[in-house]
4 protein chains.
Amino acid sequence: MTQRRSGPIRSETARRSILTATGALIATRGYEHLTIEGVALEAGVGKQTIYRWWSSKSALVAESLLEGVIFNEQFTLANTGDLHADLVAWLDSVLAFLSEPSGIDLLRSLIAAAADDEEVGRRLRETLGGGSLGSPGGTSSIEMRLKAGIEASELMADAPVTEITEALMGAVIIRALSRQPVEPETATRLVRTVLRSNQSQ
Amino acid sequence: MTQRRSGPIRSETARRSILTATGALIATRGYEHLTIEGVALEAGVGKQTIYRWWSSKSALVAESLLEGVIFNEQFTLANTGDLHADLVAWLDSVLAFLSEPSGIDLLRSLIAAAADDEEVGRRLRETLGGGSLGSPGGTSSIEMRLKAGIEASELMADAPVTEITEALMGAVIIRALSRQPVEPETATRLVRTVLRSNQSQ
Amino acid sequence: MTQRRSGPIRSETARRSILTATGALIATRGYEHLTIEGVALEAGVGKQTIYRWWSSKSALVAESLLEGVIFNEQFTLANTGDLHADLVAWLDSVLAFLSEPSGIDLLRSLIAAAADDEEVGRRLRETLGGGSLGSPGGTSSIEMRLKAGIEASELMADAPVTEITEALMGAVIIRALSRQPVEPETATRLVRTVLRSNQSQ
Amino acid sequence: MTQRRSGPIRSETARRSILTATGALIATRGYEHLTIEGVALEAGVGKQTIYRWWSSKSALVAESLLEGVIFNEQFTLANTGDLHADLVAWLDSVLAFLSEPSGIDLLRSLIAAAADDEEVGRRLRETLGGGSLGSPGGTSSIEMRLKAGIEASELMADAPVTEITEALMGAVIIRALSRQPVEPETATRLVRTVLRSNQSQ
DNA sequence: TTTTAACCGAGACGGTACGTCTTGTCTTATA
DNA sequence: TATAAGACAAGACGTACCGTCTCGGTTAAAA
């Protein structure tokens with residue numbers, strides 16, 4: 001028979017309130033002003049309870065992203081049968097989010113967190129990429145939509161799915177870092193650029 | 001007659017040693033461990049001398065980037081008359097730099113600095129983009145090479161120069177943030193993806 | 001009929017190992033570094049078992065003193081019929097104990113505990129004062145020896161027993177607190193000082 | 001010529017307010033509840049300013065004693081020409097101080113501090129012993145009065161000054177630790193006990 | 001013989017304070 | 001008046017313990 005440890009188990013209440021507080025503070029103050037003490041205070045929790053379960057501030061942010069307490073609006077990537085339109089729609093919703101100051105600040109906070117911690121980097125890619133939470137193994141919805149496009153012969157069989165995904169997401173990141181204004185046609189031009197060369201005729 | 005101020009002028013020696021110390025410390029310890037006190041100590045300078053001339057840590061990093069004390073190797077973007085080959089060559093050199101741990105750490109440090117400060121974001125794009133230092137107005141060498149390609153009819157006249165540039169650079173940033181291994185064909189596939197749709201026939 | 005409780009009784013094993021661990025940790029680390037968690041770990045016991053039976057760290061120390069797990073050597077105060085010689089012998093053994101660093105550290109730890117808790121103060125006086133453990137009502141062996149001296153006409157009937165006791169013990173405490181070196185004649189001079197004025201002729 | 005360091009000098013304002021805050025907090029909360037953070041807050045000072053100049057809480061208490069911010073009432077030891085009366089007067093004032101709860105708590109706090117730190121131990125002896133502040137080399141006023149008594153033939157030339165001093169002070173410490181009530185005649189009996197044997201006839 | 005209550009070990013919890021590190025400002029003496 | 005040096009108030013860091021409160025498991029008296 002298996003030997004089980006005794007003593008109290010991890011408090012789910014504490015865990016949730018820590019993640020919620022983390023998300024709220026990132027949204028209001030930014031990652032650069034996020035402090036463990038601030039999270040503990042906001043969550044009504046001892047600091048040690050945070051240090052007991054998370055190894056760093058970045059790990060906290062990574063799990064908050066995963067739990068969906070940071071992005072409450074989803075960047076959904078639909079499959080209407082028209083790959084080009086689906087990608088433009090997704091990109092438009094992301095760029096619209098970035099056109100608000102609060103949106104761009106949030107994304108920059110997350111980029112800073114991702115620069116700190118590779119786990120945050122992976123989570124960010126999933127979440128931003130239309131992630132249905134818990135998509136397997138770091139595969140974003142963009143990649144899955146592209147593969148579906150190949151199945152449906154919207155895209156050539158040897159289309160470089162990974163590179164297309166990274167080109168699209170990377171463009172978004174670059175916009176966030178350089179804070180340049182976005183023109184209305186940006187989404188269309190970008191999708192056309194990365195897609196047309198790989199489309200089936 | 002002009003009013004002239006008295007007293008000593010700004011010490012160029014101090015300025016150089018501060019920028020050099022900043023570059024050295026970023027390269028060895030990373031942006032996240034960079035402190036003003038550490039820079040002052042390394043440079044043999046008083047803290048006030050730094051605060052007098054730079055408004056923030058990010059401004060220090062931005063100027064260090066501009067002075068070339070951070071990237072000592074340049075990512076040169078040549079014009080051999082073959083746009084595709086030129087871009088692949090540039091991308092290969094960047095990805096080779098990222099394949100070393102010290103390279104990826106340096107780039108992540110700079111992304112963190114760029115997330116803090118938009119001036120760093122612009123400088124980073126210029127420097128990474130094959131920047132001959134001091135290229136005018138945030139225009140990277142990639143963009144200039146693409147425009148030259150249009151002139152030489154390598155590229156269609158209405159090719160979306162900005163979007164192509166951002167797709168390429170963004171892909172590099174995404175690689176740095178997610179730290180995924182790079183396959184040999186990545187550069188070729190990426191350049192083909194963003195270029196073929198816009199090439200003149 | 002009396003209402004009796006159910007369930008297991010107090011574990012003597014746990015009690016002994018807690019007191020022993022307390023004594024060992026005071027001797028090795030000092031009272032100022034004594035922690036309940038440390039005692040629990042050393043004793044192989046849960047913290048709650050300590051808190052269930054002792055109200056404070058000082059209470060733990062007081063009981064350890066009483067159980068004799070702290071002073072293993074006794075400062076015995078004999079009655080040879082010569083009061084002066086008996087007191088000098090006792091004082092010499094105490095001062096010899098204090099001449100070792102470990103001895104002075106132990107006594108200082110106990111003084112700190114006594115300053116925290118009056119129960120420890122009383123126990124310390126009994127134990128230090130040649131205490132046969134469990135001497136009744138805070139009466140030290142010194143006081144008992146002095147009273148025996150009055151019975152035997154070694155001392156005047158109205159000799160201030162309490163004051164003589166406190167003068168002798170207090171001098172020891174003062175030595176421990178100020179850590180001054182002890183000269184060979186100190187014990188003799190001190191006993192003569194407090195005794196001669198009260199001796200029968 | 002001598003090379004002198006540059007930079008600001010130590011702030012006397014900060015030093016005074018730290019010592020004053022230390023004294024106030026010991027008097028109101030006791031040494032066991034004295035915290036560096038509390039002192040910093042009360043003094044309106046950064047913690048680092050305390051750690052810069054004092055190595056420990058005990059060192060802070062030692063200097064506060066020396067500066068006279070802890071005992072505001074002095075236990076003066078006069079020289080009226082009658083040694084016995086002078087010592088009784090001093091002892092009465094000390095015991096009167098101890099008869100108030102606040103007085104006994106203060107002395108116990110200081111004993112705890114003295115157990116921590118030998119410098120506090122020495123300072124306490126001087127201050128308690130009728131110390132005119134800054135008496136040289138750990139010599140209390142009691143010792144000086146006794147020596148004056150020898151000069152004036154109130155006391156035998158070979159009277160053990162140190163032992164008499166320690167017996168008197170030690171008795172006071174013992175009273176503080178055991179918190180026993182003091183009878184009116186205690187001071188007289190104690191002084192008679194330690195003095196009569198050494199008086200000139 | 002079952003129930004029940006108190007014991008035990010382990011350890012998570014909300015807290016407080018620790019001693020260190022860094023920030024950005026201010027002060028001093030020098031050049 | 002710019003500089004190197006560095007003291008200052010402020011405040012976050014990550015650690016150590018506090019005393020309380022679950023947990024499962026065990027044990028002995030009561031029902």
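Everything numeric in this text was worked out from a predicted model, so none of it was measured. Computed over heavy atoms, backbone and side chain alike; hydrogens, waters and symmetry mates excluded. Residue numbering restarts at 1 for every chain, and letters A, B, ... go by the order of the sequence lines.
Comparing E/dG9, F/dA29, F/dC13 against the side chain of A/S6 picks out E/dG9 as the nearest.
C/D105 pairs by the side-chain hydrogen bond (donor to acceptor under 3.5 Å, both in side chains) definition with C/R108, not counting sequence neighbours. Not counting sequence neighbours, the partners of B/R16 by the side-chain hydrogen bond (donor to acceptor under 3.5 Å, both in side chains) test are B/E67. Here C/E119 pairs with C/R122, C/R123 under the side-chain hydrogen bond (donor to acceptor under 3.5 Å, both in side chains) rule; sequence neighbours left out.
A straight line from CG of D/L41 to C1' of F/dG11 spans 13 Å, rounded to a whole angstrom. Here the P atom of nucleotide F/dC13 and the CG atom of A/D116 are 13 Å apart, to the nearest Å. As a whole-Å value, the separation of B/Y51 OH from E/dT27 C1' is 16 Å. Rounded to whole Å, atom C1' of F/dA7 lies 12 Å from atom CD1 of D/I18. Rounding to whole angstrom units, CH2 of residue C/W54 and P of E/dC7 are separated by 13 Å. In this structure, C/E42 atom CD and E/dG9 atom P are separated by 14 Å, rounded to whole Å. Atom CD1 in C/I50 sits about 9 Å away from atom P in E/dG9, given to the nearest Å.
Residue pairs meeting the salt bridge (charged side-chain N to carboxylate O under 4.0 Å, His left out) criterion with at least one member in residues 49-65 of chain A, sequence neighbours excluded, are A/R15-A/E63. Note on residues 18-45 of chain A: pairs passing salt bridge (charged side-chain N to carboxylate O under 4.0 Å, His left out), not counting sequence neighbours, are A/E37-A/K47.
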Checklist outcome for this item: A correct 5'-to-3' footprint of nucleotides 12-17 of chain E, with B, S and - meaning base, sugar-phosphate only and no protein heavy atom under 4.0 Å, is BBBB-B

Next on the checklist: side chain to side chain contact (heavy atoms under 4.5 Å, CB included) for B/I111 and B/L177? Distances and angles first, verdict last.
Outcome noted: CA-CA 9 Å; B/I111 292 169; B/L177 289 182; 4.0 Å; yes

